[in-house]
Amino acid sequence: MRKLALTDEILMKIEKPARYIGNEVNMIVKNPADVDVRFAMCFPDIYEIGMSHLGIQIIYDMLNRREDVYCERVYSPWIDLDKIMREKNIPLFAIESQQPIKNFDFLGITLQYEMCYTNILQVLDLSKIPLLSKDRTESDPIVIGGGPCAYNPEPIADFFDIFYIGEGETEYYHLIDLYKENKKNGGSRKDFLEMAAGISCIYVPQFYDVTYNEDGTIKEMKPNNECAPAKVKKEIVLDFNEVFYPDKPLVPFIKSVQDRCVLEIQRGCIRECRFCQAGSVYKPLREKKLDKLKEIALTQLQSTGHEEISLSSLSSSDYSQLQELIDFLMEECKARHVNISLPSLRIDAFSLDVMRKVQDVKKSSITFAPEAGTQRMRNVINKGLTEEDILNGSRQAFLGGWNKVKLYFMLGQPTETNNDVDGIMDLCEKIAELYYETVPKEQRKGKCQITASTSFFVPKPFTPFQWASMCSASTFLDKAKRVNDKRKTLLNRKSIKYNWHEADLSILEGLLARGDRRLSKTLLAIYHKGGIYDAWSECHNNEIWEEAIKETGVDLDFYITRQRSADEIFPWDFIDTGVTKEFLLREWKNALEEKVTPNCRMQCSGCGAASFGGGVCHEN
């Protein structure tokens with residue numbers, strides 16, 4: 001019987017001790033002594049969020065299918081346990097075996113959000129692994145990063161031995177085989193990193209040197225090791241039907257953020273939203289066949305006991321067999337008393353009809369993501385949604401019995417004017433008016449409730465907006481104030497609620513999203529000053545960030561508000577995602593000219609993703 005890393009006394013003191021003890025339903029148990037390679041998979045945030053992440057469930061299942069590998073999990077300890085572990089010198093441990101992470105061969109960290117970067121340092125520090133890769137010895141795990149933020153790994157490059165660029169199902173087995181081969185031959189840490197660099201999607205930061213121009217922009221990035229390629233190429237799964245997928249996903253003992261079975265129906269997107277990084281880096285769209293999804297759904301429901309199943313994709317409405325899948329799920333879920341969650345649907349008559357059948361209309365709300373308040377602005381961002389679409393969808397929803405509408409917008413997008421900002425509340429007012437025009441007074445269930453939320457635009461790598469300037473925090477807040485002031489003048493203001501994001505966090509996200517490896521020293525300074533859980537507003541301390549930014553000589557305007565020139569070398573230009581820089585630049589010019597680009601199924605735009613040889617690019 002395994003011994004818990006934390007005593008009963010400690011477990012009784014901390015919040016939600018079930019975060020740290022493991023033994024969940026479907027947890028995989030192996031004897032660490034019987035395997036050749038131990039892999040700790042880390043989500044650098046609390047357990048409840050990490051347990052909701054599909055990517056870790058996939059990698060966990062995939063690696064554990066090998067008898068010679070034991071993949072375990074680790075999450076960031078919450079601040080109460082963090083304090084105790086430091087006081088009592090308790091090393092960070094894996095959930096499954098309860099053994100120290102320091103003893104593992106690999107520590108894999110998923111990079112989902114820039115504001116979790118300080119938690120990466122927390123995980124390394126509590127694991128007693130040197131924070132900087134150059135300080136690690138032969139006895140330290142290989143620290144590997146992957147996920148969406150790995151598409152610009154440079155701000156955290158000094159902390160990682162390896163970055164995996166692309167989808168994890170493709171090359172992890174190969175990487176582990178190389179590790180075993182190197183270990184068998186008595187090779188060193190550097191020998192393994194050189195072998196790993198030979199895999200097309202593997203980036204080893206220490207094998208590259210960066211030089212800068214006098215103005216601070218990048219002059220050149222080139223390999224300093226003959227094993228490292230000039231370009232690192234994203235790897236993707238082409239046969240999405242036969243790819244690894246967990247049939248017995250982990251089921252937590254405490255409620256996680258998304259406590260349900262998840263069906264990934266497709267990967268990628270046909271839409272060309274110019275602000276969306278995921279739509280770009282996950283190209284091309286690849287679908288899973290209906291029969292396979294049926295099989296996975298039934299297996300997962302049986303093996304988990306979950307009371308809800310959800311579809312996962314960037315745009316579920318674009319799945320070609322959605323009608324047939326929904327019909328199947330409705331029949332199966334009704335018999336099992338299981339709820340169906342349908343995120344990422346476009347609001348049209350079909351979607352509303354489906355939602356009406358699977359949701360409790362009295363309790364739920366309809367969600368739209370217009371992203372902008374005017375048609376001009378929606379053309380700039382290539383949203384592919386007209387005001388007529390939004391109003392027709394709202395009318396259908398009101399006729400279907402809904403009286404709650406959630407609307408998501410972004411403030412500060414390129415070329416935005418005051419008219420575009422005002423358009424957010426103009427659209428909310430039109431929807432409110434539509435409710436009172438559409439639903440007879442005797443049929444209304446109280447006032448309609450419209451909740452408008454605005455986030456602040458952050459330019460991301462590998463999007464057409466990677467060249468755009470970003471607003472300052474004060475400008476963002478001025479825009480939010482303008483929206484709120486406009487709300488107060490509306491006839492239906494009592495039916496409209498307005499929420500906005502925190503400007504300080506958006507600025508820092510922008511800094512890290514497009515930053516270079518000079519920011520590693522800034523992140524180190526923030527962490528040493530006590531920065532941790534910066535994705536959580538109650539833990540984030542902006543003063544610490546301001547102090548560290550000043551002390552390390554970071555020019556915020558250089559990284560944030562400066563518009564990039566067409567010929568600038570970006571920190572991430574060494575990565576080949578399949579989508580060409582020429583296409584992104586063409587789309588940036590189309591945005592400035594307010595030109596709309598059709599989706600991939602309507603017309604190929606020549607983005608470059610066809611080079612992978614599969615997916616939507618080769619459907620016909």
Side-chain angles (χ1 to χ4, degrees), residues 19 37-60 62-63 69-78 82 91-96 100-136 140-169 171-172 175-176 179 189 193 196 201-206 232 512-513 517 519-520 523-524 526-527 531-535:
R19 289 168 170 163
V37 176
R38 299 187 66 187
F39 196 110
M41 195 72 216
C42 171
F43 194 100
D45 207 318
I46 62 167
Y47 173 89
E48 297 95 302
I49 295 177
M51 279 293 285
S52 302
H53 184 240
L54 176 61
I56 284 187
Q57 294 259 16
I58 291 173
I59 299 298
Y60 180 81
M62 180 186 82
L63 292 182
V69 178
Y70 192 10
C71 181
E72 304 182 45
R73 294 162 295 137
V74 60
Y75 307 96
S76 286
W78 185 238
D82 177 279
L92 188 59
F93 53 91
I95 295 289
E96 277 75 4
I101 301 301
K102 170 87 172 172
N103 298 343
F104 282 64
D105 298 289
F106 287 92
L107 171 59
I109 304 176
T110 185
L111 309 170
Q112 297 294 316
Y113 179 39
E114 292 85 354
M115 296 313 296
C116 286
Y117 286 175
T118 48
N119 276 41
I120 293 169
L121 297 177
Q122 176 214 27
V123 166
L124 292 172
D125 198 11
L126 290 176
S127 300
K128 304 190 185 303
I129 299 169
L131 301 184
L132 297 173
S133 60
K134 66 182 179 64
D135 296 332
R136 292 179 195 139
D140 291 308
I142 299 293
V143 180
I144 179 168
C149 291
Y151 286 99
N152 178 23
E154 290 304 275
I156 48 176
D158 289 348
F159 312 133
F160 284 83
D161 301 304
I162 286 175
F163 287 96
Y164 184 114
I165 310 299
E167 297 172 356
E169 299 97 331
E171 290 289 350
Y172 260 120
L175 187 68
I176 286 169
Y179 182 82
R189 186 184 189 87
L193 294 179
C201 66
I202 296 296
Y203 169 50
V204 183
Q206 63 185 266
V232 177
L512 297 173
R517 61 170 68 181
L519 292 179
S520 290
L523 284 165
L524 268 177
I526 291 160
Y527 178 69
I532 192 176
Y533 277 103
D534 285 291

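FYI, side chains are in, hydrogens and waters are out, and symmetry mates aren't considered; it's all heavy atoms of this structure. The structure presented is a predicted model; accordingly, all values stated were derived computationally and were not measured.
Remark: the backbone N or O of Arg73 is paired with a side-chain donor or acceptor of Glu96 at under 3.5 angstrom. Side-chain N or O atoms of Tyr533 include none that pairs as donor or acceptor with a backbone N or O of Cys116 at under 3.5 Å. Side-chain N or O atoms of Arg189 include one that pairs as donor or acceptor with a backbone N or O of Pro141 at under 3.5 Å. When atom types are taken as modelled, the side chain of Ser520 and the backbone of Pro155 share a donor-acceptor pair closer than 3.5 angstrom.
The ring pair (Phe, Tyr, Trp, His ring centres under 6.0 Å) search around Phe93 returns none, not counting sequence neighbours. For the salt bridge (charged side-chain N to carboxylate O under 4.0 Å, His left out) test, no residue two or more places apart in sequence or in another chain qualifies with Asp158. Partners of Glu169 under the side chain to side chain contact (heavy atoms under 4.5 Å, CB included) rule, at least two apart in sequence or in another chain, are Ile58, Met62, Glu167, Val237, Val243, Phe244, Arg267. Partners of Cys71 under the side chain to side chain contact (heavy atoms under 4.5 Å, CB included) rule, at least two apart in sequence or in another chain, are Phe39, Met41, Tyr60, Leu63, Asn64. Remark: Ala196 engages Ile162, Leu175, Phe192, Ile202 in a side chain to side chain contact (heavy atoms under 4.5 Å, CB included) (not counting sequence neighbours).
Looking at heavy atoms from C-beta onward, Cys201 lies in side-chain contact with Tyr164 at the 4.5 angstrom threshold. Considering only heavy atoms from C-beta on, Leu132 comes within 4.5 Å of Leu524 through its side chain. Looking at heavy atoms from C-beta onward, Val69 lies out of side-chain contact with Phe106 at the 4.5 angstrom threshold. A 4.5 Å side-chain heavy-atom check between Phe163 and Pro205 finds at least one atom pair inside the cut-off.
Residues Pro44 and Thr110 share a closest heavy-atom pair of CD-O, 3.3 Å. Smallest separation of non-hydrogen atoms from Ser127 and Lys102: O-CB, 3.4 Å. Across all their heavy atoms, Tyr203 and Arg517 have their closest contact at OH-NH2, 2.8 Å. The two residues Cys149 and Gln112 have their closest heavy-atom pair at SG-C, 3.7 Å. Nearest heavy-atom pair, Lys128 versus Pro91, reported as atom, atom and distance to 0.1 Å: CE-CB, 4.2 Å.
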Is there a side-chain contact (heavy atoms from CB on, under 4.5 Å) between Tyr179 and Asp105 once you walk through the steps?
CA-CA 9 Å; Tyr179 182 82; Asp105 298 289; 2.7 Å; yes
Please step through side-chain contact (heavy atoms from CB on, under 4.5 Å) for the pair Phe43 and Ile109, ending with a clear verdict.
CA-CA 6 Å; Phe43 194 100; Ile109 304 176; over 6 Å; no
Decide yes or no on side-chain contact (heavy atoms from CB on, under 4.5 Å) for Ile156 and Leu111, but give the supporting numbers first.
CA-CA 10 Å; Ile156 48 176; Leu111 309 170; 3.8 Å; yes
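To the nearest 0.5 Å, atoms CD (Glu114) and CG (Leu523) are separated by 11.0 Å. Taking CD of Glu72 as the reference point, atom CD1 of Ile101 lies at 7.5 Å (rounded to 0.5 Å). Taken from CG in Asp125 to OH in Tyr527, the straight-line distance is 3.5 Å, to the nearest 0.5 Å. To the nearest 0.5 Å, atom CG of residue Leu92 and atom OG of residue Ser76 are 8.0 Å apart. Put simply, CZ on Phe159 and CZ on Arg136 are 9.5 Å apart, with the number rounded to the nearest 0.5 Å. To the nearest 0.5 Å, atom CG of residue Asp161 and atom CD1 of residue Ile142 are 5.0 Å apart.
Of the candidates Asn119, Asp140, Leu107, Leu124 forms a side-chain contact (heavy atoms from CB on, under 4.5 Å) with just one, namely Leu107.
Cation-pi check for Arg38 over Phe104 is met; the charged atom lies under 6.0 angstrom from the ring centroid and within 45 degrees of its normal.
Using cut-offs of 30° and 60° for the angle between ring planes, the Tyr75 and Tyr47 rings count as perpendicular.
A donor-acceptor pair shorter than 3.5 Å cannot be found between the side chains of Tyr117 and Asp534.
Listed by first and then second residue, the salt bridge (charged side-chain N to carboxylate O under 4.0 Å, His left out) pairs involving residues 42-55 are Lys16-Glu48, Arg19-Glu48 (not counting sequence neighbours).
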